[in-house]
Amino acid sequence: MRSVWPPSPGGSGGTPPLSDDDLERVYGYPEPLTGSFVQVNFVASADGAAAVDELSAGLSHPADKRVFLLARNLADVVLVGAGTARAEDYRGARSNPDRAARRARLGLAPTLPIAVVTRSGALDPGSRLFTDTAVPPIVVTTTKADTGALAEAGASVLTAGEDDVDLPRALAMLAERGLRRVDCEGGPALFGALAAADRVDQLCLTVAPLLTGGGAGRIAAGPAVSPPRRLDLASILVEDGFTLLRYRRATG
């Protein structure tokens, strides 16, 4: 993987491959953080599709997966919508000695929790999200949700809102637990809701060199953001025709 912009450190005009330490500097969270910083991760085809056969795996590449795992390694919590958690058969975040050492060096917990946003609480307590994890999941839901079985399965339940999840309140509740570095992995409805609430600080978008045609949805769904939020382009990385774009909330 190489940097197109900004130029890689070292070398006069050259673009040497990026090391893991280079990528950590590129994708690291700003410091210090007094509140939540929300990073959203997505992959899309060149013609804008968010999935192939309703799954994002058909658009992915080892470079994308490398950054996906790095994003988890640098975060305090993974935030994901219930639909994506079900469709992708989510399980708990994994660890290994290298990941654990990096997180320890950064002052992070050994393993981060998965926080699932669901207005109804309709999650299967027998799914891998609950049974195949080193740390209990967090269920972010509403006062109307029936979460008794989820709590019995070990989930930590955060209630933020009555009919729908109040995302700013949910993020504040996560921050109160020290979970400020938020890595959102979708899906489109959750991304759209975060954008509408103006709670997206960084977008990491991998563009796959594929044409899929019509049928698949966009990476964001829901109400239009009006006026559109301005983003600043922060970095461009490339590998095998895949382009990894990173945008930050505009500051000016």
Side-chain angles (χ1 to χ4, degrees), residues 27 36-61 63-94 112-120 122-124 127-129 133 137-141 160 164-165 167-168 170-171 174 179 181-208 210 212 215-225 229 231 242-249:
Y27 287 97
S36 297
F37 184 95
V38 180
Q39 171 180 286
V40 178
N41 281 289
F42 265 98
V43 61
S45 68
D47 55 349
V52 174
D53 295 329
E54 300 184 357
L55 295 175
S56 61
L59 297 170
S60 191
H61 177 270
D64 175 61
K65 293 177 181 177
R66 182 181 177 190
V67 170
F68 176 89
L69 290 174
L70 175 67
R72 287 190 167 198
N73 290 341
L74 300 179
D76 293 316
V77 61
V78 168
L79 187 71
V80 64
T84 295
R86 287 189 291 264
E88 304 280 355
D89 191 22
Y90 261 57
R91 64 182 182 182
R94 319 313 272 177
L112 77 172
I114 307 292
V116 183
V117 178
T118 167
R119 69 170 61 90
S120 66
L123 296 170
D124 179 5
S127 68
R128 296 201 302 167
L129 182 68
T133 182
I138 300 171
V139 175
V140 182
T141 189
D164 205 351
V165 175
L167 288 172
L171 292 170
L174 290 172
L179 306 177
R181 300 166 185 83
V182 180
D183 179 33
C184 177
E185 297 178 354
L190 178 56
F191 180 23
L194 286 167
D198 196 19
R199 294 310 305 267
V200 176
D201 298 294
Q202 179 160 283
L203 169 62
C204 297
L205 174 63
T206 297
V207 179
L210 299 171
T212 67
R218 296 173 53 190
I219 63 172
V225 176
R229 309 280 190 265
L231 300 174
F242 284 75
T243 307
L244 292 86
L245 304 167
R246 183 171 59 92
Y247 296 94
R248 277 273 177 98
R249 176 192 293 275

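Predicted model only: the values in this text are computed from it and were never measured.
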Mind checking the [atom1]-[atom2] spacing from [X] to [Y]? Nearest 0.5 Å is all I need.
X      : Y      : atom1 : atom2 : value
Arg94  : Asn73  : CZ    : CG    : 13.5 Å
Ile219 : Leu205 : CD1   : CG    : 5.0 Å
Leu190 : Cys184 : CG    : SG    : 4.0 Å
Asp124 : Leu129 : CG    : CG    : 9.5 Å
Leu167 : Asp198 : CG    : CG    : 12.5 Å
Tyr90  : Arg128 : OH    : CZ    : 11.5 Å

Checklist entry - Do Gln39 and Tyr27 have side-chain N/O donor and acceptor atoms under 3.5 Å apart? => result no
Could you report the tightest heavy-atom contact between [X] and [Y], atom names first, then the distance?
X      : Y      : answer
Ala85  : Val80  : N-CG2, 4.1 Å
Leu244 : Ala63  : CD2-O, 3.9 Å
Val140 : Ala170 : CG1-CB, 3.5 Å
Ala195 : Arg229 : O-NH2, 3.8 Å
Thr84  : Glu185 : CG2-O, 4.3 Å
Ser36  : Leu171 : OG-O, 3.1 Å

Checklist entry - Going through the checks in order, is the side chain to side chain contact (heavy atoms under 4.5 Å, CB included) test met by Gln202 and Leu231? => result CA-CA 8 Å; Gln202 179 160 283; Leu231 300 174; over 6 Å; no
Side chain of [X], backbone of [Y]: donor and acceptor closer than 3.5 Å?
X      : Y      : result
Arg72  : Leu112 : no
Thr141 : Thr118 : yes
Asp76  : Leu179 : no

Item to check | Among Val182, Val116, Ile114, the one residue meeting side-chain contact (heavy atoms from CB on, under 4.5 Å) with Val78 | outcome: Ile114
Next on the checklist: When you compare the side chain of Pro188 with that of Phe42, does any pair of heavy atoms fall below 4.5 Å?
Outcome noted: yes
Next on the checklist: Between Phe191 and Leu203, is the side chain to side chain contact (heavy atoms under 4.5 Å, CB included) condition met? List the steps.
Outcome noted: CA-CA 10 Å; Phe191 180 23; Leu203 169 62; 4.0 Å; yes
Item to check | Full working for side chain to side chain contact (heavy atoms under 4.5 Å, CB included) between Val52 and Leu210 | outcome: CA-CA 10 Å; Val52 174; Leu210 299 171; 5.5 Å; no
Item to check | Neighbour count >12 (heavy atoms, 6.0 Å) for atom CZ, Arg218 | outcome: no
Next on the checklist: For Arg66, is the CZ atom crowded, meaning more than 12 foreign heavy atoms sit under 6.0 Å from it?
Outcome noted: yes
Item to check | Residues Arg119, Asp164: salt bridge by 4.0 Å N-O rule | outcome: yes
